[in-house]
Amino acid sequence: MSELFYSIQGESTFAGLPCVFIRLAGCNLRCSYCDAAYSYEETGREVSVDSLLDFVDGYPGTLVELTGGEPLLQPGSLLLLDRLVGRHRTVLLETNGSQPIADLPADVRVILDVKCPDSGMAASWLPDNLTAIRRRAARRPNGSEVKFVISSLRDYRFARDFVLEHDLTAHAPVLFSPVRGRISPAELAAAVLADRLPVRLQLQLHTLIWPEQTRGV
């Protein structure tokens, strides 16, 4: 485990809501814009599922997100998700798109990244996850969200073409998030509007509220 904290959900369609975050240690990718490199650069702490649930229980009724790093690399992550769902919590899982999501609990809201070229990790995408997104949508509407973190107009064109080729918005909400300092929200918004693309422009709310903080938000 890397860190536990209570903050405002800054991304996803749940942005703005209070949320309990469980950040697990370790990641198999090295994205050029990573804002949580400490999750794999520092040694994580070994903790029990029960201790994580105890922390979550301190915030009854609150949204819970499992994130990383890449949380699905940790063997206990599925058990933790199952037990959170069993406690009737609204549970989000943020995952980088390189790990299979087919066996995740249907009641978990999966926020799935598709890495764009400027991340340096575009080859990490697991094609089987497209099938999993469609199956999750058939079992439960809005069971998944798909996120593209965009650094440039090249990234935008890649994301746009991916969305259109796979008719992605028919199966999940799609979010386009600009990388601060690389592409402005206005430039990305203009591209989305010009193409009449039915996606959600997403700004990282926590970076606007706490621009100087890099952890615990």
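This chain uses plain numbering: 1 for the first residue, then up along the sequence.
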Hey, is [X] close enough to [Y] for a salt bridge, meaning N to O under 4.0 Å?
{"X": "R157", "Y": "D155", "result": "no"}
{"X": "D50", "Y": "R83", "result": "yes"}
{"X": "R182", "Y": "D118", "result": "no"}

Could you tell me the separation between the [atom1] atom of [X] and the [atom2] atom of [Y], rounded to the nearest 0.5 Å?
{"X": "D57", "Y": "Y59", "atom1": "CG", "atom2": "OH", "value": "11.5 Å"}
{"X": "E94", "Y": "D113", "atom1": "CD", "atom2": "CG", "value": "5.5 Å"}
{"X": "D161", "Y": "E165", "atom1": "CG", "atom2": "CD", "value": "8.0 Å"}
{"X": "L104", "Y": "L72", "atom1": "CG", "atom2": "CG", "value": "5.5 Å"}
{"X": "S51", "Y": "R45", "atom1": "OG", "atom2": "CZ", "value": "9.0 Å"}
{"X": "S7", "Y": "I209", "atom1": "OG", "atom2": "CD1", "value": "7.0 Å"}

Original post:
Given the rule in the side-chain contact (heavy atoms from CB on, under 4.5 Å) test, do F148 and L168 qualify, once you have shown the distances and angles that lead to the verdict?
Top reply: CA-CA 12 Å; F148 296 82; L168 208 52; 4.1 Å; yes
Search all heavy atoms of [X] against all heavy atoms of [Y] and return the closest pair with its distance.
{"X": "V64", "Y": "R89", "answer": "CG2-NH2, 4.0 Å"}
{"X": "G68", "Y": "A36", "answer": "O-CB, 4.1 Å"}
{"X": "L153", "Y": "E187", "answer": "CD1-OE2, 3.5 Å"}
{"X": "G44", "Y": "A25", "answer": "CA-CB, 3.8 Å"}
{"X": "G143", "Y": "R136", "answer": "O-NH2, 3.1 Å"}
{"X": "P105", "Y": "V85", "answer": "CB-CG2, 4.5 Å"}

Compile the donor-acceptor pairs under 3.5 Å between side chains in residues 75-82 and protein atoms, sequence neighbours left out, one pair per line.
unit_1 : atom_1 : unit_2 : atom_2 : d
S77    : OG     : P71    : O      : 3.4
S77    : OG     : Q74    : O      : 2.9

Decide yes or no for [X] and [Y]: does some side-chain heavy atom of the first lie under 4.5 Å from some side-chain heavy atom of the second?
{"X": "V56", "Y": "L84", "answer": "yes"}
{"X": "K115", "Y": "C31", "answer": "yes"}
{"X": "I8", "Y": "C19", "answer": "no"}
{"X": "R160", "Y": "V199", "answer": "no"}
{"X": "I133", "Y": "I101", "answer": "yes"}
{"X": "L52", "Y": "M1", "answer": "yes"}
{"X": "F21", "Y": "L66", "answer": "no"}

Original post:
Apart from L29 itself, which Ile, Leu, Val, Met, Phe, Trp or Tyr residues share its cluster (side-chain heavy atoms under 4.5 Å, direct or through members)?
Top reply: M121
Original post:
What's in the same ILVMFWY side-chain cluster as L92, cut-off under 4.5 Å, chained through other members?
Top reply: F14, L17, L63, I111
Identify whether [X] and [Y] are in the same connected component of the hydrophobic contact network (ILVMFWY, side-chain heavy atoms under 4.5 Å).
{"X": "L130", "Y": "L93", "answer": "yes"}
{"X": "I22", "Y": "Y6", "answer": "yes"}
{"X": "V47", "Y": "Y40", "answer": "no"}
{"X": "Y156", "Y": "W125", "answer": "yes"}
{"X": "V192", "Y": "F162", "answer": "yes"}

Subject >> side chain to side chain contact (heavy atoms under 4.5 Å, CB included) partners for L73, two or more places apart >> reply: N28, E70, Q99
Original post:
Taking it one step at a time, do S39 and L24 satisfy side-chain contact (heavy atoms from CB on, under 4.5 Å)?
Top reply: CA-CA 7 Å; S39 65; L24 299 185; over 6 Å; no
Tabulate below the donor-acceptor pairs under 3.5 Å that side-chain atoms of residues 169-179 make, not counting sequence neighbours, or state none.
unit_1 : atom_1 : unit_2 : atom_2 : d
S177   : OG     : Q202   : O      : 3.4

**OP:** Not counting sequence neighbours, list each pair that qualifies as a salt bridge (Lys or Arg N to Asp or Glu O under 4.0 Å) and has a residue in residues 6-23.
**Re:** E3-R23, E11-K147
Original post:
Is it true that the side chains of R109 and T13 contain a donor and an acceptor less than 3.5 Å apart?
Top reply: yes
**OP:** Evaluate whether atom CG of D167 has more than 12 neighbouring non-hydrogen atoms of other residues, nucleotides or ligands under 6.0 angstrom away.
**Re:** yes
**OP:** Please check if the side chain of D195 supplies one atom and the backbone of L197 the other of a donor-acceptor pair under 3.5 Å.
**Re:** no
